[in-house]
Amino acid sequence: MESSPGGDRVVVAVRGELDLDVGQLLQRALREALARSTRGLDLDLSGVAFCDCSALNILIGLRRRALADGKTVTVRATSPVIERLFDLTDTLSLFTADGQEDTVPLLPAPRDGGSGADTDSELRVEVAQLRRAMQTRPSIDLARGILMASFGLTPEQAWSVLVLASQNTNTKLHHLAGDVLTTVRGAALPETLQRHLTEAVAQVKASATTARDDTSGAGRH
C-alpha cells in the first residue's frame, strides 16, 4: 500500500490480495491514512487481484469512521475483481462522489480548496444512499436473521455468508436475500443456492475458528 503523506485528501493505492490474513494490517494502515487527512481518503484499488468480504467489511467500517469524523472515503479506480464485488453487493455508490449506481463512471479526484458544488455532491450521495438503503436493507436484515437462527451465526458472520454466496452465485445481494426470505413461507431454495450458502457458512465458521485459535495462541505466548 502506498499513500501520500497527508493534507486535504490522502490518496491511497492498494495492490495485491485482500483477505482475512491481511485484514488487521489493512484496517490499521487505512485508519492511519484517514487520520492524516483533513477531508478524507481517495482509494486506488486498480491493483487489487483478490478481495473477499472481510476486506469489504473493512472498507465499509472505514467509511463509517470517516463520516463520524466529518470526512469521506471515495474509490477513484477499481480492478475487475473490485468492480464485481461492488456490483454484487450494491455498495459502489457508498464510495463515489456522485452517489449514483455503479453504472455511473467514477469522477476525477477533487482539486484542493473545495466549493459549494462539493457540498451539493456530498448531499446527493447521502440522499441516494438513504433511498437505496430503505429499499434493500429490510430484506437483507431479515435474511441475516434467518441465517443467524438457522446456523448459529453472529450478525457479522451472517453478512459475510450472504456476501460470499452472492459472489459465488453471481447474484445481487438483495436478490439473494429475497430468495432466502422465501424459505419463511415454506419454499425450498434452489439446490445450487442452498449448496453455496452451506459452503459459505462452513467457510465463515472455519475462519472464525482460525481467528480464535490464533488469538488464544498469542495470549499463551
Side-chain angles (χ1 to χ4, degrees), residues 1-115 117-126 128-129 132-133 156 159-160 163-164 166-167 173 207 211 214:
M1 193 175 81
E2 298 177 356
S3 63
S4 55
D8 186 27
R9 297 192 67 82
V10 171
V11 178
V12 180
V14 183
R15 296 187 300 274
E17 298 184 353
L18 307 184
D19 55 21
L20 188 64
D21 293 335
V22 301
Q24 291 185 350
L25 177 63
L26 175 68
Q27 184 179 61
R28 182 168 61 251
L30 289 175
R31 287 183 176 182
E32 290 175 354
L34 180 65
R36 296 199 306 270
S37 71
T38 302
R39 295 180 55 206
L41 302 184
D42 294 325
L43 303 179
D44 178 356
L45 306 179
S46 59
V48 175
F50 175 82
C51 182
D52 65 9
C53 57
S54 64
L56 177 60
N57 284 336
I58 289 174
L59 293 179
I60 292 175
L62 179 72
R63 175 186 175 276
R64 187 180 302 114
R65 174 182 285 254
L67 291 176
D69 293 339
K71 303 177 183 180
T72 59
V73 175
T74 62
V75 173
R76 298 301 176 184
T78 60
S79 67
V81 168
I82 293 294
E83 287 179 6
R84 180 169 181 265
L85 182 60
F86 279 147
D87 180 63
L88 289 172
T89 56
D90 284 329
T91 50
L92 178 58
S93 67
L94 297 178
F95 301 98
T96 58
D98 52 19
Q100 300 301 313
E101 293 295 333
D102 48 43
T103 54
V104 178
L106 298 178
L107 298 181
R111 299 179 182 274
D112 293 339
S115 65
D118 294 331
T119 302
D120 291 342
S121 178
E122 290 172 3
L123 288 175
R124 289 197 299 273
V125 169
E126 296 304 319
Q129 290 162 0
R132 191 189 58 197
E156 292 77 14
W159 162 256
S160 296
V163 172
L164 279 173
S166 173
Q167 288 180 284
L173 189 63
S207 296
D214 291 343

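Every value quoted in this text rests on a predicted model; they were computed, and no experiment measured them.
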Please report, to 0.1 Å, the donor-acceptor pairs under 3.5 Å made by any side chain of residues 64-71, with sequence neighbours excluded.
residue: Lys71; atom: NZ; partner: Leu34; partner atom: O; Å: 2.9
residue: Lys71; atom: NZ; partner: Ser37; partner atom: O; Å: 2.9

A side-chain contact here means heavy atoms from C-beta on lying under 4.5 Å apart; do [X] and [Y] qualify?
X     : Y     : value
Glu17 : Val22 : no
Asp44 : Arg76 : no
Leu94 : Leu59 : no
Leu41 : Leu62 : yes

With sequence neighbours left out, what residues match Arg31 under salt bridge (Lys or Arg N to Asp or Glu O under 4.0 Å)?
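Testing Arg31 for salt bridge (Lys or Arg N to Asp or Glu O under 4.0 Å), a comparison that skips the adjacent residues, returns none.
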Any idea which heavy atoms bring [X] and [Y] closest together, and the distance?
X      : Y      : value
Arg63  : Val73  : CA-CG2, 4.1 Å
Val163 : Leu173 : N-CD1, 4.0 Å
Ser79  : Ser46  : CB-O, 3.5 Å
Val81  : Val48  : CB-O, 4.2 Å

Does the pair Met1 and Val12 meet the rule for a side-chain contact (heavy atoms from CB on, under 4.5 Å), with working shown?
CA-CA 7 Å; Met1 193 175 81; Val12 180; 3.4 Å; yes
Considering the options Leu43, Asp42, Ile60, which one meets the side-chain contact (heavy atoms from CB on, under 4.5 Å) requirement together with Phe95?
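Only one option passes, and that is Ile60.
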Using the side-chain contact (heavy atoms from CB on, under 4.5 Å) rule, take Ser3 and Glu32 through it: C-alpha gap first, then chi angles, then the decisive distance, then the call.
CA-CA 10 Å; Ser3 63; Glu32 290 175 354; over 6 Å; no
Return the [atom1] to [atom2] distance between [X] and [Y], rounded to the nearest 0.5 Å.
X     : Y     : atom1 : atom2 : value
Arg84 : Thr78 : CZ    : OG1   : 14.0 Å
Leu45 : Leu18 : CG    : CG    : 7.5 Å
Leu85 : Thr91 : CG    : OG1   : 6.0 Å

Under 3.5 Å, is there a donor-acceptor pair between the side chain of Arg39 and the main chain of Arg9?
no
Any donor-acceptor pair under 3.5 Å from Ser4 side chain to Val11 backbone
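The answer is yes, because a donor-acceptor pair under 3.5 Å joins these two groups.
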